[in-house]
Amino acid sequence: MTISFLNLQKINQKYRAELMEACARVIDSGWYIDGKELEQFEQDFATYCGAQFAVGVANGLDALTLTLRAWKELGKLKDGDEVIVPANTYIASILAISANQLIPVLVEPDPQTFNIDPKKIKNVITNKTRVILVVHLYGQLADMPSILEIAQQENLLVLEDSAQAHGAELNGRKAGNWGDASGFSFYPGKNLGALGDAGAITTNDEELAHTLIALRNYGSYRKYENLYQGVNSRLDEIQAAILTIKLRHLNKEIAYRRKVAQMYLSGIKNSLIQLPLENINAKAYNAHVWHLFVIQTEHRELLQDHLNKHGIQILVHYPIPPHQQQAYKEWNQHSYPITERMHQNVLSLPIGLHLKQTDIEYIIQTIQAFQ
C-alpha cells in the first residue's frame, strides 16, 4: 500500500467537469485579465469571509507585502517601524515585512496550539511597534479576541496571515474578518487551492481596498496614469473562475478534513507522539480547518523511516525556523527554544479528500505499531 501525502489530481478530478466548463468560458470570452470572473470571485470570497472587500492578487506573499505597502502609502507605517510576527511561521510572513523596510520582531508560540502566544506579545511592544502580524498556523485560528484587545490598547494594526485558515471560524467570525486586513494564499495545496499561484486580501477598510487595487496594477487605476510605484500582481481570470468553483465546495472539504482529524485524534494513542490540541477552546469546533495535521515526537527520523517503509508519505512543516535561515543570518545566534523544539519534532500526516477511510485506519494502525 502507498498513501501519498497529497494528491491534487485526485482531489481536482472530483470537480473536473465544472473546472473545464469554467476554463472554457474564460477562453471563449477573450478577456483574460481584470474581468468579470475576478469581480465575481472577489465578491464571493468577501461574502464567504464576512468581509466587505476582497482584492485578488498573484499569490499569498504579495497579499501580505502589498497590504503593508498600502499602509505605508496611506501614512500608517514608515520605514523602520516594527511588526510583531510569530517566530515559528513559514518565512513568507517575515519576507513581507522585510520587503517593506519594516523590522520583524519574533515572538514565540503557544506550545499547545502552535499559534503566537498573546501573553508574549505584550513583552515586545515598543514605541516603534505598529503592527501585529498573526499567522493562523496549520489551519487553527489564533487567540484573536486576546490579540485584538492588545491591539486596541496599544493602537496597533492587525494583519492576519490566513494562508492556511480558509473557513476557520471563532465566535461567528471567520479568518479574514478579524484584523484590519488579511492575506490569503490559494497555492494549489491549500484548502482552497487554485490550479497555479493566486492570492487575495480581505478587509473592511474601503480606503485600503481602493489603494490595493491600484498597487496590484502598477500603481494605476487608469491605464498610463500611475499614482504609486506599484507592481504587477493580478489574479487572472482563469484562476478566479477556478476559485469561484472550488469555493462552493470548500465547506464540504473542510468537513471531511475534520472527520479525518477526529479519527486521528481518537485513534492514535502512542506515548511517543504528541497530538495537536484540537481547538483554542473546547467549544470552538469551527476554529480549526486542519490544513495540516501536525504531530510532535522526539523520535521524528525513526517515525519517518517507519512510516515510509509502510508506504505512508509524510512531510515536515517546517524543518528550519526563520531565525536559523541563511536569508536572516543576522538572527542565527538568537534563541527561540519553543520554536526550535517544534521545528525539530513536528511531522505532518496525510489529510484531505484523497484519503479513503481504509487509508486513515492503516495510517493509525501503523503509527500505533511504532515503538
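We're numbering straight along the sequence, starting at 1. This is a predicted model, so every value here is computed, not measured.
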Nearest 0.5 Å, please: how far is CG in Leu141 from CG in Leu170?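 These two atoms lie 6.0 Å from each other.
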Counting N and O atoms only, with roles assigned by atom type, does the side chain of [X] sit under 3.5 Å from a partner on the main chain of [Y], one being a donor and the other an acceptor?
X: Arg216; Y: Gly56; result: yes
X: Lys269; Y: Gln368; result: no
X: Trp31; Y: Asp34; result: yes
X: Tyr362; Y: Ile312; result: no
X: Asn217; Y: Gly219; result: no
X: Asn59; Y: Gly199; result: no
X: Asn100; Y: Leu102; result: no

Would you check if [X] and [Y] make a side-chain contact, meaning some heavy-atom pair closer than 4.5 Å?
X: Glu169; Y: Arg173; answer: no
X: Glu237; Y: Leu38; answer: yes
X: Ile254; Y: Asn251; answer: yes
X: Arg300; Y: Val346; answer: yes
X: Gln344; Y: Glu298; answer: no
X: Val134; Y: Val158; answer: yes
X: Ile295; Y: Pro276; answer: yes
X: Asp79; Y: Lys72; answer: yes

Step by step, would you call Arg25 with Glu18 a salt bridge (charged side-chain N to carboxylate O under 4.0 Å, His left out)? CA-CA 11 Å; Arg25 184 175 66 246; Glu18 293 177 88; over 6 Å; no
Would you name the heavy atoms of [X] and [Y] that are closest together and state the gap between them?
X: Val85; Y: Thr89; answer: CG2-CG2, 4.3 Å
X: Asp197; Y: Gln239; answer: O-CG, 4.2 Å
X: Thr244; Y: Glu37; answer: OG1-O, 4.3 Å
X: Ile91; Y: Ala327; answer: CD1-CB, 4.4 Å
X: Thr65; Y: Ala99; answer: CG2-CB, 4.1 Å
X: Leu215; Y: Tyr228; answer: CD2-CB, 3.7 Å

Could you tell me whether His291 and Tyr138 have their ring centroids closer than 6.0 angstrom?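 Ring centroids of His291 and Tyr138 are no less than 6.0 Å from each other.
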Strictly under 6.0 Å, is that where the ring centroids of Tyr328 and His323 end up?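 Between His323 and Tyr328, which both carry aromatic rings, the centre distance is not below 6.0 Å.
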Less than 4.0 angstrom from a charged side-chain N to a carboxylate O is my criterion; do [X] and [Y] meet it?
X: Glu253; Y: Lys190; result: no
X: Glu108; Y: Lys120; result: no
X: Asp205; Y: Lys76; result: yes
X: Lys122; Y: Glu154; result: no

Hydrogens and angles aside, do His136 and Glu160 bring a side-chain donor and acceptor to less than 3.5 Å of each other?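 A pair is found: one side chain offers a donor N or O, the other an acceptor, under 3.5 Å apart.
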Going by the ring pair (Phe, Tyr, Trp, His ring centres under 6.0 Å) test, name the single residue among Tyr15, Tyr256, Tyr48 that passes it with His249.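 Result: among Tyr15, Tyr256, Tyr48, Tyr15 is the only option passing the ring pair (Phe, Tyr, Trp, His ring centres under 6.0 Å) with His249.
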Side chain to side chain contact (heavy atoms under 4.5 Å, CB included) between Asn177 and Thr202: does it pass, once the steps are laid out? CA-CA 7 Å; Asn177 192 30; Thr202 56; over 6 Å; no
Would Phe186 and Phe41 count as a ring-ring contact (aromatic ring centres under 6.0 Å, His included) here? Give the steps. CA-CA 12 Å; Phe186 305 120; Phe41 174 68; 5.5 Å; yes
List the steps and the verdict of side-chain hydrogen bond (donor to acceptor under 3.5 Å, both in side chains) for Thr297 and Gln274. CA-CA 6 Å; Thr297 177; Gln274 180 183 340; over 6 Å; no
Starting from the C-alpha separation in whole Å, work towards a yes-or-no answer on ring-ring contact (aromatic ring centres under 6.0 Å, His included) for Phe184 and Phe45. CA-CA 11 Å; Phe184 287 87; Phe45 192 63; 4.8 Å; yes
May I have the step-by-step check of side-chain hydrogen bond (donor to acceptor under 3.5 Å, both in side chains) for Asn88 and Thr339, ending in yes or no? CA-CA 5 Å; Asn88 64 315; Thr339 293; 4.7 Å; no
Could you walk me through whether His317 and Tyr90 pass ring-ring contact (aromatic ring centres under 6.0 Å, His included), step by step? CA-CA 8 Å; His317 296 89; Tyr90 181 58; 9.1 Å; no
Here's one to test your reading of the geometry: is the NZ or CZ of Arg257 within 45 degrees of the ring axis of Trp290 and under 6.0 Å from its centre?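 Not flagged: Arg257 not positioned over aromatic ring of Trp290.
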Pair Gln296-Met342, side chain to side chain contact (heavy atoms under 4.5 Å, CB included): steps then yes or no: CA-CA 7 Å; Gln296 296 184 75; Met342 282 182 178; 3.9 Å; yes
